[in-house]
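Remember, predicted model here, so these are calculated numbers, not experimental data. So that the names make sense, note that chain A is the first sequence line, chain B the second, and so on, each numbered from 1.
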Amino acid sequence: MAVKILSVDDSKTIRLIISRAFKAYDCQVLEASNGLEGMAMATREKPDVIILDITMPIMDGMEMLSMLRANHELRAIPVVMLTAEAGRDTVLRIAKMGVRDYLIKPFKEEQIIERVSRIVPLETVTPAGKAKKRFDDPIKFLVVDDKAAILEQIRAGLGDTNWQVEGVAEANIALLNIENNKPDVVFLSTTLPENTALWLVQKIRSNIKTQSLPVFAMMVKTAMQDQERTQQLGYSGVVTKPIDYTELKTKVARFLKLDASYRYYNQRENILWIKFPDPMTSFDSNEITTNLNSKISEAVDAGLDKVVIDIRQAKRVEMSIVELCFSIVKIAQDLSMHVDFLGNSYVQGLVNQYHETKAWHFFDTEEAAIQFYNPNKSPAA
Amino acid sequence: MNDDLNNVLESAAKTVFTTMLETPLEIDRSNEPFFEGDYHIAGAVGLTGAYNGIIYLYSTALFARKMTSRLLGMTDDEIEGDEMVNDAFGELTNMVGGVIKSNLEELNQACMMTVPSVVRGSNFSIEAVTGVERRSVYCICDGGRVLVEALIKTADTEELA
């Protein structure tokens with residue numbers, strides 16, 4: 001959910017600079033031009049942070065701050081004071097008012113972002129027009145481990161993806177790599193010598209440009225106490241050794257919000273095809289479910305009225321798969337779409353043993369389905 | 001000559017322009033006359049306390065527009081008329097005044113500062129009345145010229161000189 005930032009400043013210039021500063025983040029910047037407007041806006045919108053100028057007409061920042069602190073609904077809202085006056089008296093006066101932080105003009109955009117990010121976590125947004133990253137994009141991995149064998153294992157384990165794995169053995173080299181190469185995700189061994197892993201994760205979290213970079217702690221499965229502490233130390237998650245690569249891919253895809261829907265959905269020959277992989281992991285079923293409404297709506301918008309669920313690859317038909325099929329059938333039928341299945345005789349036999357699924361119609365091949373729905377089309381076409 | 005005050009003006013101009021406009025600012029020691037015949041803009045903030053006077057930021061309207069564009073990260077077409085330029089120029093003046101005030105405070109010369117105001121027009125000049133000392137720092141940045149000026153009551157400055 002977007003972070004709400006209220007900028008209270010009589011200068012439109014400062015309000016514009018603040019709005020621009022947070023453009024790259026998932027933030028909603030609200031504006032008020034004096035303390036009175038600021039109080040009204042704060043009461044209505046309950047912002048997560050207020051950036052408050054001191055010298056303003058009608059009601060200045062000090063008065064607004066007093067009113068905020070006297071209001072039981074608003075007193076907890078963190079305030080960052082902004083002032084052109086850096087004198088000792090001003091700073092002391094600000095400190096006494098109990099503000100969370102302050103910033104002296106002139107200031108760089110990075111400084112105001114850094115101040116706010118100390119109070120609320122800021123997430124970068126995908127720039128408009130830029131497509132969401134896909135699962136098959138060349139995601140950049142940085143593995144920080146002083147054991148070369150681990151790097152080679154990870155490279156081999158991710159060999160079936162387009163992901164690029166680079167490795168370094170030392171934390172200070174890793175920091176340079178992060179600044180220069182901007183990896184998408186870091187895997188950091190917690191057993192680097194002299195506790196340098198902790199130093200590195202703290203460096204990453206204290207820099208506004210890297211603070212939201214996903215950093216996974218790599219540790220042995222038995223280090224349960226250490227696993228529990230990782231989040232407090234600034235890690236995004238844990239990857240245990242020996243590494244389960246299906247789990248690792250799932251974690252990375254979820255953390256980076258990679259679009260994997262193309263692996264399951266596609267529109268072809270006036271049909272929406274939904275393909276179940278084998279094995280069907282929790283990541284797969286979650287991706288199918290998450291994208292179901294939007295993909296069916298897209299198909300309806302495109303004039304399609306048929307869905308074919310392809311479960312030919314399923315070697316086992318578990319209840320979870322049947323339940324997922326039911327969800328698809330229900331949503332599609334609610335939108336007046338016709339649903340059929342693709343499956344070999346083994347799968348058909350398994351599915352048709354349930355009373356509720358007896359009526360489901362199966363095709364053996366894609367060609368049979370296409371021919372059935374497009375009878376005028378030549379099979380060879 | 002009060003070197004402290006001149007240094008404070010120079011330092012304030014450099015701090016504000018390099019931070020907010022991300023462009024280097026050089027001090028022009030030639031003291032050649034500025035802006036003759038152009039449409040001008042002057043931002044002002046008042047100081048009272050150890051120093052009593054006014055700080056001016058002075059430039060051509062054309063260069064003020066360019067500074068606004070740079071300050072707000074907008075193209076020239078996106079600048080919505082003079083009001084936006086006035087606001088931005090007033091804010092730059094306010095920041096220069098704020099840094100001057102802070103630097104003076106460090107020299108144990110505490111002052112209060114007024115809100116900024118902006119004047120624009122052609123063929124006008126700012127004159128000092130009797131008993132007021134004028135300190136001018138001529139600056140060049142991003143191909144344009146800016147004058148930072150302090151008009152300070154002499155009675156307060158004599159002890160510092």
Side-chain angles (χ1 to χ4, degrees), chain A residues 7-25 29 31-35 51-64 81-95 102-115 127-128, chain B residues 11-23 25 43 45-47 49-50 55 64 67-74 78-81 83-118:
Chain A
S7 163
V8 188
D9 204 303
D10 59 327
S11 165
K12 192 178 176 186
T13 300
I14 295 295
R15 298 199 308 267
L16 279 168
I17 289 170
I18 288 173
S19 283
R20 188 186 64 182
F22 291 99
K23 220 169 201 168
Y25 298 89
V29 180
E31 295 182 19
S33 63
N34 59 60
I51 300 171
L52 182 58
D53 185 27
I54 293 186
T55 314
M56 291 182 290
I58 304 173
M59 183 192 285
D60 70 15
M62 289 299 187
E63 199 179 343
M64 178 176 162
M81 287 302 252
L82 202 54
T83 176
E85 301 176 31
R88 279 188 300 272
D89 289 349
T90 309
V91 172
L92 277 174
R93 207 154 46 111
I94 292 170
Y102 68 93
L103 189 59
I104 309 290
K105 300 175 191 174
F107 61 90
K108 286 185 180 293
E109 280 184 12
E110 292 87 347
Q111 290 175 292
I112 189 70
I113 295 166
E114 194 264 337
R115 295 292 200 285
Chain B
S11 157
K14 280 184 177 169
T15 302
V16 172
F17 280 75
T18 51
T19 307
M20 297 309 293
L21 304 181
E22 294 183 333
T23 182
L25 178 136
V45 284
L47 289 180
I55 306 294
M67 283 191 274
T68 303
S69 158
R70 200 170 178 113
L71 181 67
L72 300 177
M74 292 176 165
E78 289 171 317
I79 305 290
E80 295 164 4
E83 196 188 326
M84 198 179 250
V85 177
N86 291 350
D87 195 88
F89 203 74
E91 194 51 48
L92 284 173
T93 311
N94 189 41
M95 288 181 195
V96 170
V99 177
I100 289 170
K101 177 185 176 299
S102 305
N103 290 348
L104 287 175
E105 208 171 280
E106 279 177 18
L107 299 169
N108 290 320
Q109 308 297 326
C111 298
M112 298 280 280
M113 198 171 82
T114 67
V115 291
S117 59
V118 171

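- For Thr18(B), the part lying under 4.5 angstrom from a heavy atom of chain A is the backbone only.
- Residue with the most contacts toward chain A among Glu91(B), Glu83(B), Met113(B): Glu91(B) (heavy-atom pairs, distance under 4.5 Å).
- Scanning both residues, Val99(B) and Pro106(A), for their nearest heavy atoms gives CG2-CD, 3.6 Å.
- Between Asp87(B) and Arg15(A) there is no side-chain heavy-atom pair separated by less than 4.5 Å.
- Of the listed residues (Lys108(A), Gln111(A), Arg20(A)), the greatest number of heavy-atom pairs within a distance under 4.5 Å of chain B belongs to Arg20(A).
- In this structure, chain B has heavy atoms under 4.5 Å from both the backbone and the side chain of Ser11(A).
- Taken to the nearest 0.5 Å, the CG atom of Leu71(B) stands 9.0 Å off from the CG atom of Leu16(A).
- No more than 12 heavy atoms of other residues, nucleotides or ligands lie within 6.0 Å of OH in Tyr102(A), so this atom counts as exposed by the packing criterion.
- Interface check for chain A: of the options Leu72(B), Val115(B), Thr15(B), the most heavy-atom pairs under 4.5 Å are formed by Leu72(B).
- The shortest non-hydrogen separation linking Ala84(A) to Ser102(B) is O-OG, 4.5 Å.
- A distance of 8.0 Å separates CG of Asp53(A) from CG of Asn94(B), quoted to the nearest 0.5 Å.
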